[in-house]
Engineer: 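Can you read through this structure? Questions will come right after.
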Amino acid sequence: MTRPVLATTPDFTLSANPARVSIPLGYWAETMLTITSLNGFEGTIQLEAPVGPSTGLASAGFSTGMMLNPNGDVSTDLQLTPGDTAGNYNLTIVATIGSVSHSLVIPVAVSPVSGPDFTTRLWGSYSTLQERTITINEQLVSFGGFRGQVSLSATVTPDITDAPTMSFLPSTIDLSPGTPAVYITIVSTVRTTPVGDYVVSISASSGTISHVYRAIMGVGDYRPPWEQPAPGNTTTTGQPWSSSATNALSFINNATSALSTLRSLWWLQVIIGLSIATVIVYRRRPSLDER
C-alpha cells in the first residue's frame with residue numbers, strides 16, 4: 001500500500017531576532033529580519049514597515065532590493081528610532097515576493113531611561129572583499145549616568161572554515177556620561193573566505209548589563225589592490241544595501257566610463273587640431289595672383 005504524497009507549494013517565512021524590541025526614549029534599537037525560502041521559492045523581496053504615532057516609532061531602516069534564492073535565506077538589520085511618547089506598541093512588517101505576501105508583528109516597548117545603561121550605533125551592514133582587512137570607527141554611548149568599562153566581542157555565523165573575523169581596538173572601553181567612546185572595528189578575510197553574506201553578533205557587557213547587536217557582513221570576490229573599491233558600510237536607513245561585489249562592479253563601471261570619456265576627449269582634440277592646422281595652411285597658401 002503506497003502512502004499519498006503531500007503537495008508542496010513554494011512559499012517563504014518571515015522571522016525576527018529578537019522577536020520583541022525595547023527602546024529607551026531618545027536612543028535606538030534593532031532586530032534582525034530573516035526571510036527563508038520554502039520548496040524552492042525565489043524572487044525579489046519588497047519590505048514595508050510603516051511607522052508613525054500608532055507604532056511608537058519615528059523611523060525604521062532596512063535594506064532594499066534583496067533577492068531570495070531557492071531554498072536559501074536572506075537577512076537584513078531593522079534599525080528602529082522611537083518617537084516622543086513612551087508605551088507599548090506593535091510594528092507590522094510586510095514582506096512581498098511576487099504575488100505572495102506575509103506579515104510579522106513585532107511588539108515594541110518604548111520607555112524612559114530608568115537607570116545607567118549604554119548602547120552602540122552599529123553600521124547596518126559591512127562589505128568587504130576576500131583577502132582584505134578594513135577598519136571602521138564606531139561608538140559606544142552612555143545614558144542614564146552610566147560609567148564603567150564595557151567589553152566587546154563578536155561571533156560570525158555561519159561558523160565555517162576561513163569565515164571572516166571581527167575584532168575591536170580596544171576590546172575593553174572606558175565609558176563615561178556625556179562623551180561617546182570611539183573604538184575601531186576590524187573586519188578581516190583571507191583569500192579562501194567563502195563569498196556571501198554572514199550575520200555578525202556583537203556582545204557588549206559590563207557587570208550585570210549585557211547587550212547583543214547584530215549586523216550583516218557581505219564578502220565579495222577577491223580583486224587586485226588597484227581594482228579594489230573603498231571599504232564599505234551602510235546605515236541602511238531606508239537605503240539599498242550595497243554588497244562588496246556591487247561596489248566592485250560600480251568601481252569598474254566608473255573606471256570604464258572615465259576611460260571612454262578620455263578617449264572621446266582625445267579624439268575631439270585630434271579633430272580640433274586638424275581643423276586648426278587646415279585653417280592655418282589655407283591662410284598661408286598664396287593665391288595665383290601672388291605667384
Engineer: Answer yes or no: is there a side-chain heavy-atom contact under 4.5 Å between Val21 and Leu78?
Structural biologist: no
Engineer: Test your reading of the model: is there a side-chain donor-acceptor pair from Ser203 to the backbone of Val212, 3.5 Å cut-off?
Structural biologist: no
Engineer: Taking all non-hydrogen atoms of both residues into account, name the closest pair between Ser22 and Ala29 and its distance.
Structural biologist: O-CB, 3.7 Å
Engineer: Are Met66 and Leu47 side-chain neighbours, meaning at least one heavy-atom pair lies under 4.5 Å?
Structural biologist: yes
Engineer: Using every non-hydrogen atom in the two residues, find where Pro158 and Tyr198 come nearest and quote the distance to one decimal.
Structural biologist: CD-CD2, 3.6 Å
Engineer: Do the non-hydrogen side-chain atoms of Pro10 and Leu38 ever get within less than 4.5 Å of each other?
Structural biologist: no
Engineer: Could you pull out the closest heavy-atom pair between Gly145 and Pro116, with the gap in Å?
Structural biologist: C-CB, 4.3 Å
Engineer: Kindly work out whether a path of hydrophobic side-chain contacts (I/L/V/M/F/W/Y, heavy atoms less than 4.5 Å apart) joins Ile173 to Phe168.
Structural biologist: yes
Engineer: Any chance you could measure Ser59, atom OG, to Leu57, atom CG, to the nearest 0.5 Å?
Structural biologist: 7.5 Å
Engineer: Hey, mind stepping through Asp174 and Arg147 against side-chain contact (heavy atoms from CB on, under 4.5 Å) and telling me if it holds?
Structural biologist: CA-CA 8 Å; Asp174 292 317; Arg147 183 186 301 271; over 6 Å; no
Engineer: Determine whether a donor-acceptor pair (N or O, by modelled atom type, separation under 3.5 Å) exists between the side chain of Asn39 and the backbone of Thr9.
Structural biologist: yes
Engineer: Show your reasoning for whether side-chain contact (heavy atoms from CB on, under 4.5 Å) applies to Val199 and Ile216.
Structural biologist: CA-CA 5 Å; Val199 175; Ile216 302 297; 4.1 Å; yes
Engineer: Run the numbers on Ser15 and Thr34 for side-chain hydrogen bond (donor to acceptor under 3.5 Å, both in side chains), then give the verdict.
Structural biologist: CA-CA 5 Å; Ser15 61; Thr34 300; 4.6 Å; no
Engineer: Could you tell me if Glu138 and Thr185 have a donor-acceptor pair between their side chains, going purely by distance under 3.5 Å?
Structural biologist: yes
Engineer: Could you walk me through whether Ser176 and Phe146 pass the side-chain contact (heavy atoms from CB on, under 4.5 Å) test, one step at a time?
Structural biologist: CA-CA 6 Å; Ser176 301; Phe146 177 88; over 6 Å; no
Engineer: Pairs in or reaching into residues 150-164: which pass side chain to side chain donor-acceptor pair (under 3.5 Å), with residues at least two apart or in two chains?
Structural biologist: Asp162-Thr192
Engineer: Just wondering, do Thr172 and Leu152 contact through their side chains at under 4.5 Å, heavy atoms?
Structural biologist: no
Engineer: Step by step, would you call Ser101 with Thr96 a side-chain hydrogen bond (donor to acceptor under 3.5 Å, both in side chains)?
Structural biologist: CA-CA 4 Å; Ser101 295; Thr96 302; 2.8 Å; yes
Engineer: Could you check whether any side-chain N or O of Ser37 sits under 3.5 Å from a backbone N or O of Asn71, counting only pairs where one atom can act as donor and the other as acceptor?
Structural biologist: yes
Engineer: Heavy-atom distance under 4.5 Å between the side chains of Phe62 and Gln79, does that happen here?
Structural biologist: no
Engineer: Side-chain heavy atoms nearer than 4.5 Å, only ILVMFWY residues, links allowed to pass through others: does that put Met67 and Val195 together?
Structural biologist: no
Engineer: Determine yes or no for a side-chain-to-main-chain donor-acceptor pair under 3.5 angstrom, with Thr31 supplying the side chain and Asn17 the backbone.
Structural biologist: yes
Engineer: Which residues end up grouped with Val113 if you chain together Ile, Leu, Val, Met, Phe, Trp and Tyr wherever their side-chain heavy atoms are less than 4.5 Å apart?
Structural biologist: Tyr27, Trp28, Val141, Phe143
Engineer: Got a second to check how far Leu175's CG is from Ser206's OG, nearest 0.5 Å?
Structural biologist: 8.5 Å
Engineer: Given Met217, which partner from the list Thr165, Val187, Asp197 fulfils the side chain to side chain contact (heavy atoms under 4.5 Å, CB included) test?
Structural biologist: Val187
Engineer: Are Asn69 and Glu42 linked by a side-chain donor-acceptor pair shorter than 3.5 Å?
Structural biologist: no
Engineer: Do Val74 and Ile45 have side chains that get closer than 4.5 Å, going by heavy atoms?
Structural biologist: yes
Engineer: Please confirm whether the backbone N or O of Val190 pairs with a side-chain atom of Thr193, one donor and one acceptor, at under 3.5 Å?
Structural biologist: yes
Engineer: Please name the pair of heavy atoms, one in Ile136 and one in Tyr126, separated by the smallest distance, quoted to 0.1 Å.
Structural biologist: CD1-CD2, 3.3 Å
Engineer: Taking C-beta and beyond as the side chain, do Val110 and Thr85 meet within less than 4.5 Å on heavy atoms?
Structural biologist: no
Engineer: Looking only at atom types and distance, does a side-chain atom of Thr189 sit under 3.5 Å from a main-chain N or O of Leu129, one as donor and one as acceptor?
Structural biologist: yes
Engineer: Output the distance between atom CD (Glu131) and atom OH (Tyr222), rounded to the nearest 0.5 Å.
Structural biologist: 5.0 Å
Engineer: Any idea which heavy atoms bring Ala49 and Ile93 closest together, and the distance?
Structural biologist: CB-CD1, 3.5 Å
Engineer: Should Val105 and Tyr89 be counted in the same cluster of Ile, Leu, Val, Met, Phe, Trp and Tyr side chains packed under 4.5 Å apart?
Structural biologist: no
Engineer: If you round to the nearest 0.5 Å, how far is OG of Ser111 from CG of Leu25?
Structural biologist: 6.5 Å
Engineer: Atom CG of Asp77 and atom OG of Ser63: how far apart are they, to the nearest 0.5 Å?
Structural biologist: 8.0 Å
Engineer: Going through the checks in order, is the side-chain contact (heavy atoms from CB on, under 4.5 Å) test met by Gln130 and Val219?
Structural biologist: CA-CA 6 Å; Gln130 293 171 317; Val219 178; 4.1 Å; yes
Engineer: Between Thr120, Leu169, Asn137, which is the residue that forms a side chain to side chain contact (heavy atoms under 4.5 Å, CB included) with Tyr183?
Structural biologist: Thr120
Engineer: Hey, are the side chains of Ile23 and Val108 touching, using non-hydrogen atoms and a 4.5 Å cut-off?
Structural biologist: yes
Engineer: Show the nearest heavy-atom pair for residues Val51 and Thr55, with the distance to one decimal.
Structural biologist: CA-OG1, 3.5 Å
Engineer: Let me confirm one number: the OG1-CG distance from Thr92 to Leu104, rounded to the nearest 0.5 Å.
Structural biologist: 8.5 Å
